[in-house]
Amino acid sequence: MADTGQARAEMVDRQIAARGIRDERLLAAMREVPRDLFVGEERSAHAHDDSALPIAAGQTISQPYIVAAMIEAARVGRDDRVLEIGAGSGYAAAVMGRLAREVHAVERLAELAELAAGRMAGLGYANVHIHQGDGTGGWPDAAPFDAILVSAAGPDVPQPLIEQLAPGGRLVMPVGGGHVQSLVRVTRDAAGAVAREKLDDVCFVPLIGAHGWPER
Ligand code: SAH
């Protein structure tokens with residue numbers, strides 16, 4: 001078998017650290033989580049490529065650098081309770097599970113949610129909880145969250161997600177309808193006031209749901 005630990009170390013050095021991600025805990029988590037197990041067997045040879053890859057059901061696993069950039073932008077910390085909308089393969093949720101206290105990740109498509117949950121069980125990542133459903137309403141049962149990552153692009157930041165942000169919380173999400181969207185960060189300060197800033201241009205699959213795009 002190929003040495004995937006070596007492949008991951010090179011992925012982190014060349015694609016992530018070399019592009020300016022400095023958070024050592026994040027780099028360590030990405031060296032640790034076996035990305036090849038998340039991409040599906042037929043594409044595992046490309047698991048450490050510098051690109052997004054197709055997974056089941058017409059969806060994608062994000063490019064490693066984008067996963068790192070979003071997690072860094074959300075400043076995911078050790079004691080945090082984290083929500084991800086758009087679990088997909090479960091890869092980003094798994095990485096955040098290594099960094100934070102608890103992760104809840106919601107996936108709309110049952111097929112993907114089941115695969116992702118199976119991966120967490122297989123890896124023993126017991127603090128990562130995969131839920132199936134429309135995540136545009138957030139996950140009220142486990143709210144509030146210190147960090148929220150939305151891994152699909154919506155018409156705007158869903159109001160329920162802003163409401164489920166704890167004081168001091170950070171939400172990172174691509175917003176826009178075209179091929180290129182804006183990565184946006186919403187922060188709630190200790191007094192509860194909400195601020196919003198634009199980060200980078202990104203390219204994500206659509207967020208489909210009650211507070212997202214309508215299903216076609
Ligand atoms: N973070 C993922 C990438 C996921 S791609 C990874 O690491 O693999 C985006 C995912 O968002 C897709 O799987 C898509 O089905 C899901 N999605 C789209 N709309 C959604 C919604 N309303 N609620 C939950 N998941 C949604």
Side-chain angles (χ1 to χ4, degrees), residues 8 11 15-16 26 29-30 33-40 43-44 46-49 51-74 76 82-100 103-120 123 125 128-140 142 145 147-161 164 171-177 181 183 202-216:
R8 286 199 298 279
M11 172 188 91
Q15 302 172 32
I16 298 171
L26 172 56
M30 293 189 73
V33 175
R35 185 168 161 95
D36 54 309
L37 299 188
F38 289 81
V39 303
R43 287 188 217 277
S44 62
H46 294 283
H48 307 99
D49 287 6
S51 63
L53 292 173
I55 54 174
Q59 304 302 319
T60 54
I61 177 172
S62 304
Q63 180 191 16
Y65 172 71
I66 288 292
V67 174
M70 286 181 78
I71 293 173
E72 185 176 68
V76 174
V82 179
L83 175 67
E84 186 191 20
I85 308 306
S89 69
Y91 176 71
V95 172
M96 292 192 286
R98 307 284 82 201
L99 295 171
V103 177
H104 291 268
V106 187
E107 171 53 49
R108 179 178 160 256
L109 301 173
E111 178 188 355
L112 294 179
E114 275 165 36
L115 281 169
R119 287 171 183 135
M120 300 311 159
L123 289 163
Y125 291 172
V128 182
H129 309 280
I130 307 284
H131 309 284
Q132 196 256 317
D134 173 10
T136 62
W139 201 256
F145 301 97
I148 301 179
L149 235 71
V150 184
S151 298
D156 204 349
V157 180
Q159 191 57 35
L161 298 185
Q164 290 171 33
L171 176 155
V172 175
M173 167 177 177
V175 173
Q181 307 104 28
L183 195 63
V202 288
C203 178
F204 275 84
V205 298
L207 180 73
I208 296 166
H211 301 269
W213 302 105
E215 193 165 0
R216 284 187 300 153

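Each ligand, and each atom within it, is numbered from 1 in the order the structure gives. Because the structure is a prediction, the values reported are computed rather than measured. Throughout, numbering of the chain's residues begins at 1 and tracks the sequence.
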Over all heavy atoms of both residues, which pair between [X] and [Y] is shortest? Give the atoms and the distance, please.
X: W213; Y: P206; result: CD1-CB, 3.9 Å
X: I71; Y: L99; result: CG2-CD1, 3.7 Å
X: I208; Y: R108; result: O-CD, 3.4 Å

### Task
Kindly indicate whether the side chain of M30, heavy atoms from C-beta on, has any atom under 4.5 Å from the side chain of R8.
no

### Message
Any non-hydrogen side-chain atom of L161 less than 4.5 Å from a side-chain atom of H211?
### Response
no

Evaluate [X] for polar contact with ligand 1, using N/O atom pairs at a separation under 3.5 Å.
X: I61; value: no
X: I208; value: yes
X: G86; value: yes

Show me which atoms of ligand 1 lie under 4.0 Å from any heavy atom of [X].
X: G133; answer: 23 (N), 24 (C)
X: S151; answer: 1 (N), 5 (S), 9 (C)
X: T60; answer: 3 (C), 4 (C), 5 (S)
X: E84; answer: 1 (N)
X: Q59; answer: 12 (C), 13 (O), 14 (C), 15 (O)
X: S89; answer: 6 (C), 7 (O), 8 (O)
X: D134; answer: 21 (C), 22 (N), 23 (N)
X: L109; answer: 15 (O)

For [X], which part has a heavy atom under 4.0 Å from ligand 1: side chain, backbone, both, or neither?
X: I55; answer: neither
X: R108; answer: both
X: A57; answer: neither
X: V205; answer: side chain
X: A87; answer: backbone

Spatial distance of atom [atom1] ([X]) from atom [atom2] ([Y]) [nearest 0.5 Å]:
X: L149; Y: M96; atom1: CG; atom2: CE; value: 4.5 Å
X: H104; Y: I130; atom1: NE2; atom2: CD1; value: 10.5 Å
X: Q15; Y: I66; atom1: CD; atom2: CD1; value: 11.5 Å
X: R119; Y: E114; atom1: CZ; atom2: CD; value: 12.0 Å
X: R35; Y: L53; atom1: CZ; atom2: CG; value: 6.0 Å

Considering only non-hydrogen protein atoms, determine which one is nearest to [atom] and report residue, atom name and distance to 0.1 Å.
atom: atom 23 (N) of ligand 1; result: G135 N, 2.8 Å
atom: atom 13 (O) of ligand 1; result: E107 OE1, 2.8 Å
atom: atom 7 (O) of ligand 1; result: A92 N, 3.2 Å
atom: atom 18 (C) of ligand 1; result: P206 O, 3.5 Å

### Task
Return the orientation label for the Y91 and F38 ring planes: parallel under 30°, perpendicular over 60°, tilted otherwise.
perpendicular

### Query
Given T136 and D134, is the side-chain hydrogen bond (donor to acceptor under 3.5 Å, both in side chains) satisfied, shown in steps?
CA-CA 6 Å; T136 62; D134 173 10; 2.8 Å; yes

